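Predicted model only: the values in this text are computed from it and were never measured. Just the heavy atoms: all of them, side chains too, but no hydrogens, waters or symmetry mates, feed the values below.
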Amino acid sequence: MVARHSVATLFFDDLTLGDEWESPARTVTESDVVAFAGLSGDYNPIHVDHESCKEGAFGHPIAHGLLGLAFVSGLGSASPRVDTMAFLAILEWEFVRPIAFGDTVHVLSRVESIEPRSRGRRAEVIWHRALLNQRGEVVQQGRTRTLVRGRAALPPPAAGDRTPES
């Protein structure tokens with residue numbers, strides 16, 4: 001029999017200021033950029049025109065900045081996996097370096113603050129998130145605020161149910 005494992009979902013009560021997680025990495029492809037251009041309607045030549053980019057600042061096309069932000073959202077959603085109820089705000093965000101086709105990026109997420117709400121049923125969590133390339137250079141970074149469920153929001157165990165502590 002093969003062992004089945006699940007990824008633990010954390011509540012805000014499981015988080016501590018300064019906790020940090022590193023996501024898996026993914027390589028940015030030209031197909032990603034073309035698909036994002038189609039989805040967003042942003043066909044700026046800096047992203048899709050190889051010939052005009054030869055004369056530009058980078059000498060080649062680069063990924064959309066908002067595509068990088070989408071990678072942060074996706075890669076960061078499981079590192080850590082928290083019971084997020086809502087994405088509330090981007091408090092600040094900066095685009096530090098361009099993302100080139102072929103760059104391999106990953107996300108570092110760090111807990112900056114936790115403000116419990118609704119008698120501990122949820123909390124606003126402020127995260128510092130950084131998108132790094134394969135050289136460890138920060139290409140984007142900033143702070144976001146999410147609403148994360150707390151253990152107090154869980155229904156009480158039914159009579160006779162065993163809890164993990166029992």
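For the salt bridge (charged side-chain N to carboxylate O under 4.0 Å, His left out) condition, the pairs that include at least one residue of residues 82-91, sequence neighbours left out, are Asp83-Arg149. Among pairs with a residue in residues 27-48, those fulfilling salt bridge (charged side-chain N to carboxylate O under 4.0 Å, His left out) read Arg26-Asp32, at least two apart in sequence or across chains.
A pairwise comparison of heavy atoms in Thr104 and Ala25 identifies CG2-CB, 3.6 Å as the closest pair. Of all the heavy atoms in Val28 and Ala100, the pair that sits closest is CB-O, 4.2 Å. Residues Arg110 and Gly18 approach most closely at CG-O, 3.8 Å, considering heavy atoms. In plain terms, the two heavy atoms of Ala152 and Gly120 that are nearest each other are CB-O, 3.4 Å. Residues Val48 and Pro61 share a closest heavy-atom pair of N-CB, 4.5 Å.
Shown here are the salt bridge (Lys or Arg N to Asp or Glu O under 4.0 Å) partners of Glu92, two or more places apart in sequence or in another chain: Arg143. Under the salt bridge (Lys or Arg N to Asp or Glu O under 4.0 Å) criterion, Glu94 pairs with no residue at all, not counting sequence neighbours. Under the salt bridge (Lys or Arg N to Asp or Glu O under 4.0 Å) criterion, Arg135 pairs with Glu137, not counting sequence neighbours. For His47, the ring-ring contact (aromatic ring centres under 6.0 Å, His included) criterion is met by His64, not counting sequence neighbours. For Asp14, the side chain to side chain donor-acceptor pair (under 3.5 Å) partners at least two apart in sequence or on another chain are Arg151. Contacts of Arg117 classified as salt bridge (Lys or Arg N to Asp or Glu O under 4.0 Å), with partners at least two apart in sequence or in another chain: Glu124.
Under the 4.5 Å side-chain contact rule for hydrophobic residues, Leu67 and Tyr43 do not share a cluster. Ile46 is not connected to Phe95 by any chain of hydrophobic side-chain contacts under 4.5 Å among Ile, Leu, Val, Met, Phe, Trp and Tyr, and they are in different clusters. By the rule that hydrophobic residues join a cluster once side-chain heavy atoms approach within less than 4.5 Å of another member, Phe58 and Leu66 end up as members of separate clusters. When the side chains of ILVMFWY residues are joined at heavy-atom separations under 4.5 Å, either directly or via intervening members, Trp93 and Phe36 end up in a single hydrophobic cluster.
Counting Ile, Leu, Val, Met, Phe, Trp and Tyr side chains that sit under 4.5 Å apart, directly or through other members, Leu91 shares a hydrophobic cluster with Ile126. Leu15 forms part of a hydrophobic cluster together with Leu10, Phe12, Leu17, Trp21, Val82, Val111, Ile114, Val125, Trp127, Val148, judged by ILVMFWY side-chain heavy-atom separations under 4.5 Å. Cluster note: Leu108 groups with Val96, Leu132, Val138 through ILVMFWY side-chain heavy atoms spaced under 4.5 Å, whether in direct contact or through intervening members. Other cluster members for Val34: none, since no ILVMFWY side-chain heavy atom sits under 4.5 Å from it.
Note that the CZ atom of Phe101 and the CD1 atom of Ile62 stand 9.0 Å from one another [nearest 0.5 Å]. Residue Glu115 holds its CD atom at 12.5 Å from CG of Leu147, rounded to the nearest 0.5 Å. Rounding to the nearest 0.5 angstrom, the gap separating the CG atom in Leu131 from the CD1 atom in Ile99 is 5.0 Å.
Contact check for Ser79 versus Glu22: no side-chain heavy atoms found under the 4.5 Å cut-off.
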Under the criterion side-chain contact (heavy atoms from CB on, under 4.5 Å), I'd like the reasoning laid out for Thr144 against Val72: C-alpha separation, chi angles, the key distance, then a yes or no.
CA-CA 11 Å; Thr144 62; Val72 170; over 6 Å; no

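A donor-acceptor contact closer than 3.5 angstrom links the side chains of Arg129 and Ser109.
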